[in-house]
Amino acid sequence: SVHTGPAPLDQTPPHPSAAFLGGAGEGSPCAPSLGWAGEGPGASGKNRRVCHAAARLEMGSLWEEFNRLGTEMIVTKAGRRMFPTFQVKLSGLDPLADYVLLMDFIPLDDKRYRWRWGDGGRGVDLGVLSPTLPCRYAFHSSSWLAAGRAEPAAPGRVHFHPDSPAKGAQWMRQIVSFDKLKLTNNLLDDNGHIILNSMHRYQPRFHVVLVDPRRDSERFAHQNFKSFSFPETQFMAVTAYQNHRITQLKIASNPFAKGFRDGDPEP
């Protein structure tokens, strides 16, 4: 379900900095004219089949709850799925046009980080040793600290939703879930997983790309996509959770972590 070869549009290479992905924003507004190009005289507007696209992040309140604590996502050599799962509800697509949906991940800064424990650096998590201590005490001074310059960027990859390409009507009919996407820290990964550096911060990006049937479609590549970034989905890549409150929230809210819950009455 993850592809690292050429994108569905022949002219678009898979690297996330490719022209068809553009920057972190959503691009320029619609041009006023009709037609496939959606291009007014001298304008560089988006194709009318993508410029009205809108994406609503699902489970937004859960993402915000994690974000307030400082979201952490596990990366492993074999690849680990994200939780919360990145899911969106789409609207504003042309029901009869074909679209490819994909994600990439961009560094939030040029730093690597380390976790400083709240006991003054002795490496003991008071909240774990004594659960009766209030969280504000146990983690009063625990925080992420910049620990130097970022490591060289991992190989840029994008993750294509496995249902791509599909009609706009299909994408808008139900919630779009990127539940097959996996994160790895293996620089030599050959499974097509997203490669990230541990102890670095990332922003997921979501892209809607119009499948343009015109023979000279490469001329309009910059017009045929729209990108979305949700700040509440930012996270720190880690090989093991550092903040025990993140661990607790993941166990409490992830149905697949039910076996880790103490006293869970469900079978």
Side-chain angles (χ1 to χ4, degrees), residues 15-17 23-24 57 59-60 62-86 103-129 133-159 178 181-189 193-206 228-254 257 260:
H15 195 280
S17 63
L57 181 68
M59 299 190 296
L62 181 59
W63 277 106
E64 290 169 5
E65 193 174 355
F66 275 105
N67 189 46
R68 283 193 294 269
L69 296 176
T71 308
E72 301 173 20
M73 293 286 180
I74 296 288
V75 294
T76 65
K77 184 175 181 180
R80 179 72 66 88
R81 288 186 171 91
M82 295 173 62
F83 185 84
T85 303
F86 189 92
M103 289 186 67
D104 67 355
F105 295 74
I106 56 173
L108 272 169
D109 52 44
D110 61 354
K111 299 177 176 62
R112 59 184 172 85
Y113 292 83
R114 65 179 177 86
W115 177 257
R116 181 184 66 181
W117 297 102
D119 64 337
R122 294 193 301 275
V124 178
D125 181 351
L126 299 178
V128 171
L129 292 181
L133 289 173
C135 284
R136 58 183 170 81
Y137 175 78
F139 272 86
H140 178 68
S141 60
S142 293
S143 61
W144 286 101
L145 300 176
R149 300 281 295 182
E151 298 173 22
R157 286 180 171 176
V158 296
H159 173 99
F178 284 84
L181 186 154
K182 289 188 177 182
L183 309 177
T184 183
N185 59 348
N186 179 13
L187 296 176
L188 302 178
D189 174 76
H193 301 327
I194 297 292
I195 302 175
L196 304 178
N197 287 322
S198 179
M199 299 303 200
H200 292 59
R201 298 176 66 218
Y202 292 93
Q203 171 67 62
R205 294 192 305 178
F206 169 63
F228 302 88
S229 293
F230 301 94
E232 61 268 41
T233 62
Q234 297 172 5
F235 64 86
M236 184 78 69
V238 296
T239 54
Y241 294 126
Q242 304 297 299
N243 183 344
H244 88 281
R245 288 187 288 178
I246 289 291
T247 308
Q248 292 170 344
L249 183 55
K250 294 243 184 181
I251 292 173
S253 54
N254 187 349
F260 293 97

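FYI, the numbering just counts along the sequence from 1.
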> Provide the closest heavy-atom pair for Leu69 versus Asn243 in the form atom of the first, atom of the second, distance.
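Looks like O-ND2, 3.6 Å.
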> Could you tell me if the side chain of Leu62 sits less than 4.5 Å from the side chain of Phe83, heavy atoms only?
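Of all side-chain heavy-atom pairs linking Leu62 with Phe83, at least one is under 4.5 Å.
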> Look up atom CD in Glu151 and atom CZ in Arg112, then write down how far apart they are to the nearest 0.5 Å.
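Atom-to-atom, Glu151:CD and Arg112:CZ are 7.0 Å apart.
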> Decide yes or no for Ile74 and Thr239: does some side-chain heavy atom of the first lie under 4.5 Å from some side-chain heavy atom of the second?
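No; the side chains remain at least 4.5 Å from each other.
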> Please assess Tyr202 against Ile194 for the test side chain to side chain contact (heavy atoms under 4.5 Å, CB included), listing each intermediate value before the final yes or no.
CA-CA 12 Å; Tyr202 292 93; Ile194 297 292; over 6 Å; no
> Hey, what's the ring geometry for Phe228 with Phe230, parallel, tilted or perpendicular (30° and 60° as the breaks)?
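Geometry flag for Phe230 against Phe228: parallel rings.
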> Please find the pair of heavy atoms, one from Trp115 and one from Ser142, that lie closest to each other, and give the distance.
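So the minimum-distance heavy-atom pair works out to CZ2-CB, 3.4 Å.
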> Find the distance between CG (Leu187) and CG (Leu196) and round it off to the nearest 0.5 Å.
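Leu187 CG to Leu196 CG: 10.5 Å, rounded to 0.5 Å.
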> Which atom pair, heavy atoms only, marks the closest approach of Ala237 to Val75?
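Heavy-atom minimum between the residues: CB-CG1, 4.0 Å.
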> Mind telling me whether Phe86 and Phe206 have parallel, tilted or perpendicular rings, with 30° and 60° as the class edges?
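If you compare the ring of Phe206 with that of Phe86, the planes turn out tilted.
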> Side chains of Val238 and Met199: closer than 4.5 Å at any heavy-atom pair?
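Yes, side chains in contact.
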> Are Glu64 and Pro231 side-chain neighbours, meaning at least one heavy-atom pair lies under 4.5 Å?
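SC-SC contact between Glu64 and Pro231 ruled out.
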> Would you give the length of the straight line joining atom CG of Leu181 to atom CZ of Phe105, rounded to the nearest 0.5 angstrom?
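Taking CG in Leu181 and CZ in Phe105, the distance rounds to 4.5 Å.
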> Are Met82 and Phe178 close enough, and set up right, to give a side chain to side chain contact (heavy atoms under 4.5 Å, CB included), and what steps lead you there?
CA-CA 9 Å; Met82 295 173 62; Phe178 284 84; over 6 Å; no
> Could you tell me which residues satisfy salt bridge (Lys or Arg N to Asp or Glu O under 4.0 Å) with Arg201, sequence neighbours excluded, listed by chain and number?
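With sequence neighbours excluded, Arg201 shows a salt bridge (Lys or Arg N to Asp or Glu O under 4.0 Å) to Asp109, given in chain and number order.
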> Less than 4.5 Å apart, side chain to side chain, heavy atoms only: is that true for Lys250 and Glu72?
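No, side chains not in contact.
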> Nearest 0.5 angstrom please: Lys111 NZ to Leu145 CG, how far?
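With rounding to 0.5 Å, NZ (Lys111) is 12.5 Å from CG (Leu145).
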> Thr233: which residues meet the side chain to side chain donor-acceptor pair (under 3.5 Å) condition with it, sequence neighbours left out?
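If we apply the side chain to side chain donor-acceptor pair (under 3.5 Å) test to Thr233, skipping adjacent residues, the hits are Gln203.
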> How many angstroms lie between atom CZ of Phe66 and atom CD of Glu232, to the nearest 0.5 angstrom?
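Reported value, rounded in 0.5 Å steps: 13.5 Å.
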> By the definition side chain to side chain contact (heavy atoms under 4.5 Å, CB included), identify the one residue from His159, Arg80, His193 that meets it with Lys182.
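For Lys182, the side chain to side chain contact (heavy atoms under 4.5 Å, CB included) check succeeds only for His193.
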> Counting C-beta onward and ignoring hydrogens, is there a side-chain heavy-atom pair between Thr71 and Gln234 closer than 4.5 Å?
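No, their side chains stay 4.5 Å or more apart.
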> Say you draw a straight line from OH of Tyr241 to CD of Gln248; how long is it, rounded to the nearest 0.5 Å?
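So the gap between those two atoms works out to 12.5 Å.
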> So, Thr184 side chain and Lys77 main chain: donor-acceptor pair closer than 3.5 Å or not?
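Yes, the answer is positive, given that a donor and an acceptor are paired below the 3.5 Å cut-off.
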